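Contents: one structure, followed by commentary.
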Amino acid sequence: MCLAIPGKIKEIKNDKAIVDYGFEKREGKIVIGNYKKGDFVIIQGGLVIEKIPDQQAKDWLKAFQK
Amino acid sequence: MNPEILFLKYAFPCSFVLQQRGEINQDMFEYLERAVTQNEPVPQVVLEKIYFRAFSRIKALARELGQSEYFTEDMIRRYFTIRHNELLDGKLTTNKDKGLDIDPKAPPVLKQLCKVHTAEIIEAGSDFYVVQFGEKKRPVSRKLVPDASIGDKVTIHYGYAVERVV
(Lines give C-alpha, C1' and ligand atoms only; values in the text may rest on other atoms or scores of the structure.)
Protein backbone atom coordinates (compact mmCIF):
# COMPACT_ATOMS: atom_id res chain seq x y z
CA MET A 1 0.00 0.00 0.00
CA CYS A 2 1.35 3.38 -0.89
CA LEU A 3 1.56 5.12 2.45
CA ALA A 4 2.95 8.61 2.20
CA ILE A 5 5.94 10.13 3.92
CA PRO A 6 5.25 13.20 6.05
CA GLY A 7 7.30 16.39 5.88
CA LYS A 8 7.74 19.12 8.48
CA ILE A 9 6.51 22.68 8.01
CA LYS A 10 9.53 24.98 8.05
CA GLU A 11 7.75 28.18 7.29
CA ILE A 12 4.31 29.55 6.46
CA LYS A 13 3.96 32.52 4.08
CA ASN A 14 0.38 33.70 3.65
CA ASP A 15 -1.41 30.53 2.54
CA LYS A 16 1.72 28.62 1.49
CA ALA A 17 3.56 26.15 3.69
CA ILE A 18 7.18 25.29 2.94
CA VAL A 19 7.60 21.66 3.89
CA ASP A 20 10.93 19.97 4.48
CA TYR A 21 11.32 16.27 3.67
CA GLY A 22 14.98 16.10 4.56
CA PHE A 23 16.03 15.36 0.98
CA GLU A 24 13.92 18.11 -0.59
CA LYS A 25 11.55 20.97 0.16
CA ARG A 26 8.06 21.34 -1.25
CA GLU A 27 5.45 24.01 -1.16
CA GLY A 28 1.80 23.35 -0.42
CA LYS A 29 -1.21 25.62 -0.32
CA ILE A 30 -3.24 25.66 2.89
CA VAL A 31 -6.90 25.64 1.97
CA ILE A 32 -8.55 24.54 5.21
CA GLY A 33 -7.28 23.54 8.63
CA ASN A 34 -4.95 25.10 11.19
CA TYR A 35 -1.28 24.52 10.65
CA LYS A 36 1.81 25.91 12.28
CA LYS A 37 5.56 25.72 11.94
CA GLY A 38 6.85 22.33 13.09
CA ASP A 39 3.72 20.37 12.16
CA PHE A 40 4.17 17.15 10.23
CA VAL A 41 1.96 17.18 7.15
CA ILE A 42 1.19 15.44 3.89
CA ILE A 43 1.19 17.48 0.70
CA GLN A 44 -0.41 16.28 -2.50
CA GLY A 45 -1.35 17.96 -5.74
CA GLY A 46 0.11 21.19 -4.34
CA LEU A 47 -2.21 21.16 -1.31
CA VAL A 48 -1.55 20.54 2.36
CA ILE A 49 -4.10 17.78 2.90
CA GLU A 50 -3.53 16.46 6.41
CA LYS A 51 -1.64 16.88 9.65
CA ILE A 52 0.09 13.81 11.08
CA PRO A 53 0.33 13.67 14.90
CA ASP A 54 3.97 14.15 15.98
CA GLN A 55 4.57 10.75 17.50
CA GLN A 56 2.95 8.87 14.63
CA ALA A 57 5.02 10.84 12.13
CA LYS A 58 8.28 10.27 14.01
CA ASP A 59 7.66 6.53 14.43
CA TRP A 60 6.75 6.19 10.79
CA LEU A 61 9.81 8.10 9.59
CA LYS A 62 12.00 5.93 11.77
CA ALA A 63 10.42 2.72 10.44
CA PHE A 64 10.75 4.05 6.92
CA GLN A 65 14.45 4.89 7.18
CA LYS A 66 15.31 1.36 8.19
CA MET B 1 -13.89 4.66 -19.57
CA ASN B 2 -11.10 2.37 -20.59
CA PRO B 3 -9.46 0.39 -17.78
CA GLU B 4 -6.03 1.96 -18.30
CA ILE B 5 -7.44 5.45 -17.72
CA LEU B 6 -9.68 4.44 -14.82
CA PHE B 7 -6.92 2.51 -13.09
CA LEU B 8 -4.48 5.40 -13.31
CA LYS B 9 -7.04 7.85 -11.88
CA TYR B 10 -7.34 5.72 -8.77
CA ALA B 11 -3.66 4.80 -8.53
CA PHE B 12 -2.09 8.12 -9.47
CA PRO B 13 -2.17 9.60 -5.94
CA CYS B 14 0.18 6.75 -4.94
CA SER B 15 2.73 7.96 -7.48
CA PHE B 16 3.83 10.75 -5.12
CA VAL B 17 4.72 8.10 -2.61
CA LEU B 18 6.47 5.89 -5.16
CA GLN B 19 8.52 8.89 -6.20
CA GLN B 20 9.37 9.72 -2.58
CA ARG B 21 10.43 6.12 -2.10
CA GLY B 22 12.59 6.21 -5.20
CA GLU B 23 10.57 3.51 -7.01
CA ILE B 24 9.88 5.82 -9.95
CA ASN B 25 11.93 8.78 -11.16
CA GLN B 26 10.84 12.35 -11.89
CA ASP B 27 10.45 11.69 -15.64
CA MET B 28 8.12 8.77 -15.03
CA PHE B 29 6.17 10.79 -12.48
CA GLU B 30 5.68 13.62 -14.97
CA TYR B 31 4.67 11.17 -17.69
CA LEU B 32 2.03 9.66 -15.41
CA GLU B 33 0.79 13.08 -14.35
CA ARG B 34 0.44 14.21 -17.96
CA ALA B 35 -1.35 11.00 -18.91
CA VAL B 36 -3.79 11.12 -16.01
CA THR B 37 -4.70 14.79 -16.47
CA GLN B 38 -5.11 14.42 -20.24
CA ASN B 39 -6.97 11.10 -20.07
CA GLU B 40 -4.36 9.31 -22.12
CA PRO B 41 -4.07 5.58 -21.56
CA VAL B 42 -0.77 4.31 -20.19
CA PRO B 43 -0.05 0.76 -21.43
CA GLN B 44 -1.21 -1.92 -19.02
CA VAL B 45 2.25 -3.49 -18.94
CA VAL B 46 3.71 -0.19 -17.64
CA LEU B 47 0.94 0.17 -15.05
CA GLU B 48 1.46 -3.42 -13.87
CA LYS B 49 5.13 -2.79 -13.34
CA ILE B 50 4.74 0.46 -11.40
CA TYR B 51 1.66 -0.40 -9.36
CA PHE B 52 2.51 -4.06 -8.85
CA ARG B 53 1.08 -4.04 -5.33
CA ALA B 54 -2.38 -2.96 -6.47
CA PHE B 55 -2.29 -5.42 -9.37
CA SER B 56 -1.38 -8.33 -7.11
CA ARG B 57 -4.47 -7.57 -5.05
CA ILE B 58 -6.76 -6.97 -8.05
CA LYS B 59 -5.70 -10.33 -9.47
CA ALA B 60 -6.34 -11.96 -6.11
CA LEU B 61 -9.80 -10.36 -5.98
CA ALA B 62 -10.66 -11.53 -9.50
CA ARG B 63 -9.54 -15.07 -8.63
CA GLU B 64 -11.71 -15.01 -5.55
CA LEU B 65 -14.73 -13.89 -7.57
CA GLY B 66 -14.04 -16.54 -10.18
CA GLN B 67 -13.44 -13.94 -12.90
CA SER B 68 -10.83 -14.71 -15.52
CA GLU B 69 -10.58 -11.04 -16.58
CA TYR B 70 -9.05 -8.88 -13.88
CA PHE B 71 -8.39 -5.66 -15.75
CA THR B 72 -11.96 -4.41 -16.12
CA GLU B 73 -13.71 -1.24 -14.94
CA ASP B 74 -15.80 -3.26 -12.52
CA MET B 75 -12.84 -5.03 -10.93
CA ILE B 76 -10.80 -1.80 -10.68
CA ARG B 77 -13.67 -0.02 -8.88
CA ARG B 78 -14.35 -3.02 -6.65
CA TYR B 79 -10.72 -3.11 -5.69
CA PHE B 80 -10.17 0.59 -5.01
CA THR B 81 -13.50 1.43 -3.41
CA ILE B 82 -14.05 -1.75 -1.39
CA ARG B 83 -11.21 -4.27 -1.13
CA HIS B 84 -8.43 -1.69 -0.72
CA ASN B 85 -10.31 -0.13 2.23
CA GLU B 86 -11.01 -3.50 3.84
CA LEU B 87 -7.31 -4.31 3.71
CA LEU B 88 -6.42 -0.96 5.24
CA ASP B 89 -8.96 -1.52 8.00
CA GLY B 90 -7.29 -4.83 8.77
CA LYS B 91 -10.62 -6.57 8.18
CA LEU B 92 -9.00 -9.17 5.99
CA THR B 93 -5.88 -11.06 6.69
CA THR B 94 -3.36 -10.29 4.00
CA ASN B 95 -1.90 -13.58 2.96
CA LYS B 96 -0.61 -14.50 -0.43
CA ASP B 97 -4.10 -15.23 -1.72
CA LYS B 98 -5.14 -11.65 -1.05
CA GLY B 99 -2.08 -10.08 -2.69
CA LEU B 100 0.82 -8.21 -1.16
CA ASP B 101 0.79 -7.17 2.45
CA ILE B 102 0.20 -3.77 4.05
CA ASP B 103 2.69 -2.32 6.49
CA PRO B 104 1.11 -2.89 9.93
CA LYS B 105 3.26 -0.16 11.51
CA ALA B 106 1.74 2.58 9.36
CA PRO B 107 0.14 5.48 11.26
CA PRO B 108 -3.69 5.38 11.39
CA VAL B 109 -3.91 8.86 9.88
CA LEU B 110 -2.04 7.70 6.79
CA LYS B 111 -4.25 4.67 6.42
CA GLN B 112 -7.24 7.00 6.46
CA LEU B 113 -5.71 9.16 3.72
CA CYS B 114 -4.95 6.10 1.68
CA LYS B 115 -8.57 4.92 1.79
CA VAL B 116 -10.93 5.75 -1.02
CA HIS B 117 -13.97 7.63 0.25
CA THR B 118 -17.08 9.00 -1.40
CA ALA B 119 -17.37 12.65 -0.44
CA GLU B 120 -19.48 15.69 -1.22
CA ILE B 121 -17.98 18.85 -2.64
CA ILE B 122 -18.76 21.74 -0.28
CA GLU B 123 -16.42 24.37 -1.67
CA ALA B 124 -14.66 24.89 -4.99
CA GLY B 125 -11.53 26.92 -5.74
CA SER B 126 -9.63 27.36 -9.00
CA ASP B 127 -7.47 24.27 -8.45
CA PHE B 128 -9.12 22.47 -5.51
CA TYR B 129 -12.33 21.30 -3.90
CA VAL B 130 -13.06 21.03 -0.23
CA VAL B 131 -14.97 17.81 0.28
CA GLN B 132 -16.81 16.38 3.25
CA PHE B 133 -17.42 12.76 4.23
CA GLY B 134 -18.96 12.10 7.60
CA GLU B 135 -17.62 14.78 9.93
CA LYS B 136 -14.34 15.01 8.07
CA LYS B 137 -13.38 17.77 5.63
CA ARG B 138 -10.42 17.55 3.30
CA PRO B 139 -9.02 19.64 0.46
CA VAL B 140 -8.46 17.69 -2.76
CA SER B 141 -7.00 18.65 -6.12
CA ARG B 142 -9.56 19.08 -8.92
CA LYS B 143 -7.06 18.09 -11.61
CA LEU B 144 -8.58 14.68 -12.35
CA VAL B 145 -12.20 15.88 -12.10
CA PRO B 146 -12.06 19.47 -13.32
CA ASP B 147 -15.75 20.02 -14.02
CA ALA B 148 -17.60 19.07 -10.83
CA SER B 149 -19.61 21.56 -8.77
CA ILE B 150 -20.64 22.13 -5.19
CA GLY B 151 -23.08 19.42 -4.10
CA ASP B 152 -21.61 16.79 -6.45
CA LYS B 153 -20.33 13.55 -4.99
CA VAL B 154 -16.88 12.30 -5.94
CA THR B 155 -14.60 9.50 -4.88
CA ILE B 156 -11.37 10.75 -3.31
CA HIS B 157 -7.99 9.12 -2.80
CA TYR B 158 -5.34 10.99 -0.80
CA GLY B 159 -5.29 14.56 -2.14
CA TYR B 160 -7.29 13.96 -5.31
CA ALA B 161 -10.89 13.83 -6.42
CA VAL B 162 -10.86 10.69 -8.61
CA GLU B 163 -14.22 10.43 -10.36
CA ARG B 164 -17.73 11.75 -10.05
CA VAL B 165 -20.25 9.39 -8.50
CA VAL B 166 -23.64 9.47 -10.17
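Letters go in sequence order (proteins before strands), and every chain restarts at 1. Side chains included, hydrogens not; waters and symmetry mates left out as well; all remaining heavy atoms used. Fair warning: this is a prediction, and the values are worked out from it, not measured in the lab.
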> So what's closer than 4.5 Å to chain A heavy atoms on Lys137(B): side chain, backbone, both or neither?
Replying inline: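 Contact with chain A: backbone and side chain both.
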> Is it the side chain or the backbone of Lys29(A) that comes within 4.5 Å of chain B heavy atoms, both, or neither?
Replying inline: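 Contact with chain B: side chain only.
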> Considering the options Asp89(B), Thr81(B), Asn85(B), which one meets the side-chain hydrogen bond (donor to acceptor under 3.5 Å, both in side chains) requirement together with Lys115(B)?
Replying inline: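 Of the listed options, the one satisfying the test is Asp89(B).
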>> Could you tell me if Arg26(A) and Tyr21(A) have a donor-acceptor pair between their side chains, going purely by distance under 3.5 Å?
In response: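 No.
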> Taking the six-membered ring of Tyr35(A) as reference, does the NZ or CZ atom of Lys51(A) fall below 6.0 Å from its centre and within a 45° cone about the axis?
Replying inline: yes
> Among Pro139(B), Pro13(B), Ala11(B), who wins on heavy-atom pairs under 4.5 Å with chain A?
Replying inline: Pro139(B)
> Is it true that Val130(B) and Val165(B) fall in one hydrophobic cluster, defined by side-chain heavy atoms closer than 4.5 Å?
Replying inline: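 No; Val165(B) is not reachable from Val130(B) via cluster members.
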